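For reference, the structure discussed in these notes is given below.
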Amino acid sequence: MGWRVDVVSKLTAELLRRSGVPEEKVRALLQAFGGSAMMPLYSAANEIIRDMRGQPFAEFRIGPPRNFGVEAAPANLGYGPGMCGRYTIHSSPSLIAERFGVTGSLPNFEPRYNAAPLQQLPVIRFNSETKERRLDLLRWGLVPSWAKDPTIDSRMINARQETVRTSGAFKTAFAKRRCLVPTDAFYEWKKLDAKTKQPYAIAMADQSLFAFAGLWEGWKNPATQLWEHTYTIITGEPNAVAAPIHDRMPAILPPDAWGQWLGEEEASPDELAALLKPYPAEAMTAWPVHRDVGNVRNDRPDLIERLNSA
DNA sequence: CCAGACGTTGTT
DNA sequence: GTCTGG
DNA sequence: CCAGACGTTGTT
DNA sequence: GTCTGG
C-alpha cells in the first residue's frame, strides 16, 4: 500500500517536470488508472505523456525504477521462507523401482540434486486396471482439469494437508489421484536476518530413499489436444528436525502407508488424512548446504554436500 | 438460475 | 469439475 | 522454493 | 510489489 503512494507521488513529480501539465490533472489521471499493480501505474504515466505532447514518445517515456525500493522487513530470526519447493532425486530409476515395487518399463532420467517446480520428475502411481505400480515423469505444479490458465501451475506446487480434502483445486485429486513422489532429500531456506538465508538439506538419517505424499491431475491442452499430467506435494506440520528451519514440511509417507495412499487398499478420507502426520524426527537429519542451490540452473552433486562454514 | 472462485508461500 | 454467493 | 522480469507509443 | 519460469 505504502509503495503505491510513493510511486504515484514520484510519477506525479516526474510528469510535472517533463510536460508541465497542471498537477491536479496529473493526479486525477493517475487516480483514474487505479489498479494495484506497479506496471499499470507506469503505463498510465506514459499514457498521460502521450496525450499531452507531440514529441517523440521515447524521449518522454518513464520507466520503472531499477530497485522497486520496498523497505526490508524486520528480521525474523529462527524462521525463514522455504518449504517444499526444491528436492533431490538422485537414486537411479531401477533403484526407485526396486524400493517402491514398480513394474513395467521405466523412464530414463538423470540424477537430480536440485529438482525444481515445472520440471518433469519421477512419480509413482497405481494403475488400477493392470494392478501395478508405475514410475512416470510428471510435471511438478498441479493444473486442475478445469483450469483455463495453465500458468497457475507455479503456484500449485504444494497443497496444504489441512485443506486438501475440501479445496476445489485438490479435492478430486485427493479422492482419486494420489501418488508418491520419490526423493532422497529436500531443501529448506532458513532466514538468518532480513537479507540472509541459509539453505539446508533434510533427509533420512540413514540417507535412504523415501516418499512425499502427492496428488496428480490431467489437463487437456486445448492447443495440442494432448493430456498433460502434473503433480503437487502435500505439506503439513514440521517435525522436530524441520521446525528450527521452517514452520512447514512436506508430508512423508512410510512404506506401510504406500498401499493405502496409492489406492491399492481401501481407505476412508479420515484414514488417508491421518497418514499425513509429521514423519518421526528420530529417523531424520538436516545439514546446511551451498547457497548455489537457490538457482534452479545449478544442479550438481556437491549441492547436497554438508557446508562446513555455516 | 448464473457468475465466479477454486492455491501456495510469506508478511505485519 | 464442483461449490458458494448473489 | 528462488531468480528475474515487470510497460507503452509512434516514427524513423 | 506481483507474477512467471525453472
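Residue numbers start from 1 in every chain, and the chains themselves are labelled A, B, ... in the order their sequence lines are given, proteins ahead of strands. Everything numeric in this text was worked out from a predicted model, so none of it was measured.
- Residue A:Glu162 places its CD atom among more than 12 non-hydrogen atoms of other residues, nucleotides or ligands, all under 6.0 Å distant.
- Atom CG of A:Asp149 and atom C1' of B:dA5 are 14 Å apart (whole Å).
- Phosphate contact (OP1/OP2 of D:dC1, side-chain N/O of A:Arg248, threshold under 4.0 Å): absent.
- Partner assigned to C:dT2 is B:dA5, using Watson-Crick or G-U wobble distances below 3.5 angstrom.
- Of the candidates B:dC6, D:dG4, D:dC1, B:dC6 carries the atom nearest the A:Ala169 side chain, counting heavy atoms from C-beta on.
- Across all strands shown, A:Thr232 has no heavy atoms under 4.0 Å from either base or sugar-phosphate atoms.
- Comparing the P positions of B:dT11 and D:dA3 gives an interatomic distance of 15 Å, to the nearest angstrom.
- Between the C1' atoms of B:dG4 and D:dT9, the separation comes to 35 Å (whole Å).
- A salt bridge does not link A:Asp184 with A:Arg112: every distance from a Lys NZ or Arg NE/NH1/NH2 to an Asp or Glu carboxylate oxygen is 4.0 Å or more.
- Comparing the same atom, P, in E:dG6 and in B:dA5 gives a spacing of 27 Å after rounding to whole Å.
- Nucleic acid contact class of A:Ala159 (heavy atoms, under 4.0 Å, all strands): sugar-phosphate only.
- The side chain of A:Arg86 approaches E:dG6 more closely than any other nucleotide in the set E:dG6, B:dG7, B:dT8.
- Ion pair A:Glu188/A:Lys190 not flagged as a salt bridge, since none of the NZ, NE, NH1 or NH2 atoms sits closer than 4.0 Å to an Asp/Glu carboxylate oxygen.
- With P as the reference atom, D:dC6 and B:dT8 are 28 Å apart, rounded to whole Å.
- Rounded to an integer number of Å, the gap from A:Arg291 CZ to D:dC2 P is 11 Å.
- With A:Trp216 as reference, A:Leu138 is the one residue of A:Thr230, A:Val181, A:Thr232, A:Leu138 to meet the side-chain contact (heavy atoms from CB on, under 4.5 Å) rule.
- Of all nucleotides listed (B:dT11, D:dG4, E:dG6), D:dG4 comes nearest to the side chain of A:Arg297.
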